[in-house]
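Given the structure is predicted, the values throughout are model-derived calculations rather than measurements. Order of the sequence lines sets the chain letters (A, B, ...), proteins ahead of strands, with each chain counted from 1.
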Amino acid sequence: MVSEFMLQQTPVSRVLQPWQQWIERWPTPTALAEAPSGEAVRAWGRLGYPRRALRLHRAATAIRDDHDGHVPDDYAALRALPGVGDYTAAAIASFAFGQRHIVLDTNVRRVQTRIALGVEFPHTSATAAERVLAEDFLPSRAERAAAWAVASMELGALVCTARTPDCDVCPVRTECSWHRAGRPSWDGPPRVGQRYHGTDRQCRGALLSVLRSADAPVAEDELLVAWPDQRQAERARDTLLADGLMIMDADGCSLPR
DNA sequence: AAAGCGTGGAG
DNA sequence: TCTCCAAGCTT
């Protein structure tokens, strides 16, 4: 569950070390729940999207309070936890508990779009048609389905990659519509990339970085100078406060205690 | 339902 | 450099 949270939009290579330290420090949901949420944010380090750390902490609290300290094996119960969407609930139920679920992440979406539709990339958001397709691929026996979920994800992550797929070593090369069609390049609408430089996201990151490395509360002025644009820094401060990623009191600004 | 939310590595 | 992208979720 910890690794799934960390892997939401962060590459495996960057997750390995923080995951190891996290698990050593908080081996159980209850152990995490007992720590201040700010410590979870600090241990999150530079994985990005630090609200995930907060959600993982809240999920751990819910598991301690409502599930006797054990990660539930039921899809609906998992899905109800903060920070757990369709993908993460299915991934935990499948990988950890061997159940049969559609595990539809960006890798699997790309793999099945290429194999079955002969198209290089799936559309921006997962459609109902994609879930039907995924259901068609999914073996009926739970054990086989769980193996398929891992296998199709790995295929997408290691072989059928977005930029430079290695079709030469692909085990389903001969059954792939996209490969048979000569790997036609994407001709759909241009896919919009997210800007980062100079955005509020970068600004929030800069402020939070100060709080992460501080071992005592930081004066507000000292925090705001971490970003050149004061108006933007104030806005970031406000949203960080609203998100619960920082607190501000008479002592100054800090991660939540 | 489209937009916001971090960060760093590869090409 | 700069663009793209990496095991999504929430509002």
Exercise for the section: Would you classify A:T88 as touching base, sugar-phosphate or nothing, given that sugar-phosphate means primed atoms plus P, OP1 and OP2, and contacts are heavy atoms under 4.0 Å? Expected result: sugar-phosphate

Handout entry: Close approaches to DNA chain B from residues 203-236 of chain A, in residue order (heavy atom, under 4.0 Å)
Key = A:R204, A:G205, A:R212

Exercise for the section: Look at all strands and tell whether A:V12 reaches a base, only sugar-phosphate, or nothing, counting heavy atoms closer than 4.0 Å. Expected result: base

Practice task
May I ask you to say what A:Y196 touches in the nucleic acid, namely base, sugar-phosphate or nothing, with a heavy-atom cut-off under 4.0 Å?
Solution key: base

Problem - Pairing of A:R231 and A:E234 as salt bridge, 4.0 angstrom limit - result: no

Completion exercise
Span of DNA chain C engaged by chain A, first through last nucleotide within the 4.0 Å heavy-atom cut-off, is C:dC4 to C:dT10

Practice task
Could you tell me whether A:D243 contacts a base, only the sugar-phosphate backbone, or nothing, with contacts defined as non-hydrogen atoms closer than 4.0 Å?
Solution key: nothing

Fill in the blank from the handout: dist A:L56:CG -> A:L32:CG (nearest 0.5 Å) comes out at 5.5 Å

Practice task
Look at all strands and tell whether A:R109 reaches a base, only sugar-phosphate, or nothing, counting heavy atoms closer than 4.0 Å.
Solution key: nothing

Exercise for the section: Taking only the side-chain heavy atoms of A:R14 (C-beta and beyond), determine which of B:dG6, B:dC5, B:dT7 contains the nearest atom. Expected result: B:dT7

Exercise for the section: Remember a base hit wins even if backbone is also touched, and classify A:A162 as base, sugar-phosphate or nothing at under 4.0 Å, heavy atoms. Expected result: sugar-phosphate

Practice task
Indicate whether OP1 or OP2 belonging to B:dT7 is found under 4.0 Å from a side-chain N or O atom of A:Y49.
Solution key: no

Exercise for the section: Could you measure between the two P atoms, the one in B:dA2 and the one in C:dA7, and give it in whole Å? Expected result: 22 Å

Exercise for the section: Report which part of the nucleic acid A:T106 touches: base, sugar-phosphate, or nothing (heavy-atom distance under 4.0 Å, all strands). Expected result: sugar-phosphate

Problem - Nearest-Å distance once atom P is located in both B:dG8 and C:dC9 - result: 23 Å

Practice task
Name all residues meeting the side-chain hydrogen bond (donor to acceptor under 3.5 Å, both in side chains) criterion together with A:R100; count only those two or more places apart in sequence or in a different chain, and write none if there are none.
Solution key: A:E135

Practice task
Starting from the C-alpha separation in whole Å, work towards a yes-or-no answer on side chain to side chain donor-acceptor pair (under 3.5 Å) for A:R204 and A:T239.
Solution key: CA-CA 8 Å; A:R204 284 164 55 102; A:T239 63; 2.8 Å; yes

